[in-house]
Amino acid sequence: MDIYNKLTILSDSAKYDVACTSSGVDRSGKQGSIGSAAKAGICHSFSADGRCISLLKVLMTNVCIFDCKYCVNRMSNDIVRVGFTPSELAELTINFYRRNYIEGLFLSSGVIKNPNNTIEQMIKALEILRNVYHFGGYIHVKAIPGADSELITRLGLLADRMSINIELPSQESLKLLAPDKTKESILRPMGLITTKIQESSTDLVKFRHASKFVPAGQSTQLIVGATPDTDHKILTLTEGLYRKYHLKRVFFSAYIPVAEHSLLPSIDIKPPLVREHRLYQADWLLRFYGFEAKELLDEQNPNFNLQVDPKCNWALNHLEKFPLEINKAPYEMLLRVPGIGVTSAMRILTARRTGPIDFSGLKKMGIVLKRAQYFITCKGKIMEGLKITSDGAIRALMADQHKLPSPYPEQLSLFNEPFLTREDVQQCLTGQI
Amino acid sequence: MPDRTDLVYAYDGSFEGLMCCVFESYEQKENPSIIRPPGVQQSLFDTAKWIETDEHKADRVFNSIPSKISSKAQELIKLGFLTCAPNKELLIYHFLRLGFKYGCKVMTMLTDDTVCSLQKAVRHLTSESQKFMGFVRFSVYGEVLVAVIEPKNFVLPLLSVHFCDRFRNETFMIYDKTHSMALIYRSQKAELIFADELTLPEVDGTEIEYRQLWKQFYKTIAIESRNNPQCRMALMPKRYWDHMTELDDSIEQAKSKGPDQWRVAETATEILPTSIGALASPFQYPTRK
């Protein structure tokens, strides 16, 4: 089969993996080699579904001995099976990279004969890239659950980021839908990678030339909506993964039906995109805004409000903390104001050094007041012309959202004014969208 | 300071020239209301005062910035000069006036009109250059990589830093159609030259094959049930599409031809001076002489 058809089949099978970032490692170019990696990541294109394309995302092969019910490559699915040879894949990557189509490679694979055999194929491809082409660009690779630690270590020394997908957020769901995977077979290599990363960073302190193991860290993916697991469960698991395994990212993937099965949602359901979006927003709050999972959801409210973003939801439930005086509030509290993000909060801190800020000053700094106005005061005053009573704000906020006419609710922010904020762009650059 | 509202400075359009305008205004204690680069039509009644570019004066102004304001301010005005803000000269001039008055504090005066406008213009520049780091598409002609872009701001100096590092052993050219400038990198050295037009030879079969592969990948990777053209448009506005391989409809019909040498049209003149002292930096905006 020619390379064109192989690429079509193997990228088609890989596209349900949502991770696409090329971030987390800063590496400049070297004499005699090609490529570099930018810390913030670079989006090279955006596909018709609005998602960032930064890596050549393909499978080594779509042959698989596993039979996970939700997966398009499951053994029992009757599809054409192909595979790249290691040199084909390396050549394709380099040629795309030279033309600046991509930031690097995202390599996953079906399980060929056994996990070890599969990983050996992947190692071969990466060795050609790194040692023959002297490729210095980004490589994200999937570890295959069940492979030997020695092979996973070798793979990790060639890659920038490694991930193992948990896919299903609970053991019961795994047992039901992915009988070949166990919690143990996922968490053991995940723990191994975490340990290796930590060892590698201490080695680097000791020996400057020690090779780096997965310098951009580890990530994983959870499927949302294939099983009855709640947002609360997913978010708590996410928080645990950040704390216990020091993961760099947890990705969420709205379940897209690719297979008909009595245990799965019907084939014609729409992917729960709004729910996925809310989880990403909450994930952001965990990683950059100092929130804890238990502040956002609990047993009584196990799922996110699809109408209001998680931060706004939190603020509406904690009105006693507002309004906040912009000229006095500490950074941590500024971050908790709906509509104010990391960049805006930093700008407020900077500008406060020279003098008090009023509402027109906030606007000049590029801070969007649409949501924030209900939660802040400037020099002790609320925004001029804003009619609010104690609970009027809620009504105004709630009323606003019902006006939202949108065929694409998942991509719009609730209050819909700035379609694309700086933060959206950042999220995109770091691969969230 | 006599505040003549009709005072117009005209300068040669170079960064050094602008620094000399600043020098002149302090020396003569005057406050221009317009600083005009060449090529901008003058209004009927203005009689502009021509400011001669003098490297010594320019250096004095430029070198005083780190000590009198801050090195971040120096960086900001260098970037400010690359922006497409229509009044960038006045913005930089007023920013420096504020800076010489208030010192390093000027960098935190985010609610001041001049400071916030200048920073906004620079943000526009840097975000555009970041976009181009991804959206630039090279075509391979023989051993040479060539890309064409149409940016609003003058992003080539910023792209130069990125691509020269990334493609250390390549020979490449990025042609900026908007500003008629080209960045050329060969034998590990980069230069910016003026090029009024660029004629490219036809591409060879391998190049066409990779274009088609990329286009196919682009099509395949989108998940149909998540289709969202509005979001794509917001993140990758249509003005970028013209030079992006994956969105080029003519690729399927393109004919292949043997490899050929690329060339810059003969009108191109090499102009980048080799020694410009303190002002020689990756952000130098070359002047037409």
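Side chains included, hydrogens not; waters and symmetry mates left out as well; all remaining heavy atoms used. Everything quoted here is computed from the prediction, not taken from an experiment.
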Between chain B and each of [options], count heavy-atom pairs under 4.5 Å; write down the option with the most.
options	value
A/Ala14, A/Ser54, A/Ser33	A/Ser33
A/Ala351, A/Ala37, A/Ala38, A/Gly136	A/Ala351
A/Lys270, A/Arg27, A/Glu103	A/Glu103
A/Arg99, A/Lys364, A/Arg98	A/Arg99

Using a 4.5 angstrom heavy-atom cutoff, name the option from [options] with the most pairs to chain A.
options	result
B/Phe167, B/Phe132, B/Phe217	B/Phe217
B/Glu207, B/Glu209, B/Met107	B/Glu207
B/Glu224, B/Gln188, B/Gln119, B/Lys120	B/Gln188
B/Met109, B/Met133, B/Arg137	B/Arg137

Atom of [X], atom of [Y] and distance for their closest heavy-atom approach:
X	Y	value
A/Ser47	B/Ile221	CB-CG2, 4.1 Å
A/Gln31	B/Asn169	NE2-OD1, 3.4 Å
B/Ala222	A/Ala48	CB-N, 3.9 Å
B/Thr111	A/Gly361	CG2-CA, 3.5 Å
A/Tyr101	B/Tyr210	CE1-O, 3.9 Å
B/Gly134	A/His44	O-ND1, 3.2 Å

**Request:** Using atom types as modelled and distance alone, determine if a side-chain donor or acceptor of B/Thr220 lies under 3.5 Å from a backbone N or O of A/Asp12.
**Result:**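 Checked: no pair found.
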Would you say the side-chain atoms of B/Asp165 pair up with the backbone N or O of A/Gly29, donor to acceptor, closer than 3.5 Å?
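Yes; judged by distance alone, with no hydrogens or angles, the pair exists.
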If I measure from the heavy atoms of chain B, does [X] come under 4.5 Å with its side chain, its backbone, both, or neither?
X	result
A/Ile3	both
A/Ala254	both
A/Lys30	backbone
A/Ile34	both
A/Phe96	side chain
A/Leu56	both

Do B/Cys116 and A/Met365 have side-chain heavy atoms sitting under 4.5 Å apart?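 No. Closest side-chain heavy atoms not under 4.5 Å.
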For a 4.5 angstrom cut-off between non-hydrogen side-chain atoms, does A/Ile42 reach B/His162?
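Answer yes - side chains close enough.
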Under the side-chain contact (heavy atoms from CB on, under 4.5 Å) test against A/Asn100, which residue among B/Phe163, B/Phe135, B/Phe172 passes?
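Of the listed residues B/Phe163, B/Phe135, B/Phe172, the side-chain contact (heavy atoms from CB on, under 4.5 Å) partner of A/Asn100 is B/Phe163.
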Could you tell me the separation between the [atom1] atom of [X] and the [atom2] atom of [Y], rounded to the nearest 0.5 Å?
X	Y	atom1	atom2	answer
B/Leu213	A/Lys6	CG	NZ	12.0 Å
A/Ser45	B/Trp241	OG	CH2	9.0 Å
B/Leu235	A/Cys52	CG	SG	8.5 Å

NZ (B/Lys72) with more than 12 external heavy atoms under 6.0 Å
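At most 12 heavy atoms, drawn from other residues, nucleotides or ligands, come within 6.0 Å of this atom.
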**Asked** Below 4.0 angstrom, N of the basic side chain to O of the carboxylate: do A/Glu276 and B/Arg226 qualify?
**Response**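 Looking at A/Glu276 and B/Arg226, the cut-off is met.
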Discussion item. Could you check whether A/Tyr4 and B/Gln212, counting side-chain N and O atoms only, form a donor-acceptor pair closer than 3.5 Å?
Written reply: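 No, because no side-chain N or O of B/Gln212 sits under 3.5 Å from a partner of the opposite role on A/Tyr4.
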Between B/Arg166 and A/Ser36, is there a side-chain donor-acceptor contact under 3.5 Å, judged purely by atom types and distance?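 Looking only at side-chain atoms, B/Arg166 and A/Ser36 do form a donor-acceptor pair, the distance falling under 3.5 Å.
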Pairing residues for B/Phe100 by the ring pair (Phe, Tyr, Trp, His ring centres under 6.0 Å) criterion, not counting sequence neighbours: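 B/Phe100 satisfies ring pair (Phe, Tyr, Trp, His ring centres under 6.0 Å) with B/Tyr26 only.
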